[in-house]
Amino acid sequence: MQIPSQGPVVVGVGDPATDAAAVRLAAREACSRGRVLQVVHAFTGPGDAGWGPARRSASHLVEEAVSIAKRSTPGVDARPHLVDGPAGRVLLRLSRGAVLVVVGGPLVEVVARAWCPVAVSRAQRTPSGPVVAAVDGSPYGTLALRFAVEAAGRRGGTAHVVHVTGPGREADGQRVLDEVTARAGAVAVRHRLLIGPAGTTLVRVSRRAGLLVLGPRGVDASGRLGSVAEEVLRRAAGPAVFVHGARRPAGFVKPGDGVPVLLPLTHT
């Protein structure tokens, strides 16, 4: 597996008021990568307002999110789009050609099944701490560290790598840190071995991290989302990135895949 390096940054918005943190994070990521930011609202129907008014309301909503992106990160190439369909399904399809998907809520389906890394940001504070990769010896941990090193480099800092283990298993824990660091080819990183329950400990780490990076599943890679990842997803105090590797080249789509077409907004 490798982390996708081409394609846009996609941020899903439902309500700019609640998704503002996600929009700001997505804008910073897109600008620092030199990528287009696609601000996407999944339109599911008119509700009680009628199709026309509902569509116009959705257009204004996504344009407001674009304004938030441009105010927070001058120079970002942010483009508004409406895509018909449920949010989870739309974002999963768009993840096939994206370098990063950003959401403001715990969309488990997207975090668990995306084709590219997924960032979740709900906190309104501006993250100022280090980029921290949580590793467990799995291939996802190696990808998480590679992502963290690259993210820290773009921020002008050094990545931190942590492993959480139980009492009396410090030697094994240090071995995991050394092995994952070697596999990731990471040279200038700061190691930290932590003792305690993995999920709770990483939630605590998230309070001081500018970005917490981890895999969606653990060493056994079973289930759609690991228990540690799920706890971080629901309780992290700062932005967290769940790193998936591309199972085929990013941007490659087979006929019949049904990737949503992104159309510029027009008012009717």
Exercise for review: Could you walk me through whether I68 and R71 pass side-chain contact (heavy atoms from CB on, under 4.5 Å), step by step?
Suggested key: CA-CA 5 Å; I68 291 172; R71 287 197 304 270; 3.4 Å; yes
Point to revise | Criterion side-chain contact (heavy atoms from CB on, under 4.5 Å) on L94 and V40, from CA distance to verdict | key: CA-CA 10 Å; L94 292 176; V40 177; 3.9 Å; yes
Side-chain contact test, heavy atoms from C-beta onward, threshold under 4.5 Å: evaluate it for [X] versus [Y] and give yes or no.
X	Y	answer
V10	S95	no
C116	V99	no
P130	T158	no

Exercise for review: Take R175 and D178 through the salt bridge (Lys or Arg N to Asp or Glu O under 4.0 Å) test and state the conclusion after the steps.
Suggested key: CA-CA 5 Å; R175 189 177 304 112; D178 293 340; over 6 Å; no
Considering all heavy atoms of both residues, which atom of [X] and which atom of [Y] are nearest to each other, and what is their separation?
X	Y	answer
I195	G166	CG2-C, 4.0 Å
V62	H81	CG2-O, 3.8 Å
A26	V11	CB-CB, 3.6 Å
V76	K70	CG1-CA, 4.0 Å
A133	L145	CB-CA, 3.8 Å
D19	G12	OD2-O, 4.1 Å

Please say yes or no: joined through hydrophobic side-chain contacts below 4.5 Å, possibly via intermediate residues, are [X] and [Y] part of one cluster?
X	Y	value
V189	L214	no
L211	V135	no
V180	V241	no
L194	V161	no
V102	V66	yes

What is the distance from atom [atom1] of [X] to atom [atom2] of [Y], rounded to the nearest 0.5 Å?
X	Y	atom1	atom2	value
D15	H41	CG	NE2	9.5 Å
H163	T181	NE2	OG1	11.5 Å
H191	L177	NE2	CG	5.5 Å
L212	F242	CG	CZ	7.5 Å
L100	L25	CG	CG	7.5 Å
E231	T201	CD	OG1	9.0 Å

Check your understanding: So does E29 pair up with R35, basic N to acidic O under 4.0 Å?
Key ->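 Not counted as a salt bridge, because no side-chain N and carboxylate O are separated by less than 4.0 Å.
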Check your understanding: Hey, are R154 and E150 close enough for a salt bridge, meaning a charged N less than 4.0 Å from a carboxylate O?
Key ->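 Yes, this pair counts.
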Check your understanding: Is a side-chain N or O of S57 found less than 3.5 angstrom from the main chain of P53, in a donor-acceptor match?
Key ->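 Looks like no, no N/O pair under 3.5 Å.
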Check your understanding: Where do R235 and T200 land on the side-chain contact (heavy atoms from CB on, under 4.5 Å) test, with the steps shown first?
Key -> CA-CA 9 Å; R235 298 181 53 214; T200 302; 4.2 Å; yes
Check your understanding: Hey, mind stepping through E230 and V111 against side-chain contact (heavy atoms from CB on, under 4.5 Å) and telling me if it holds?
Key -> CA-CA 9 Å; E230 185 167 0; V111 172; over 6 Å; no
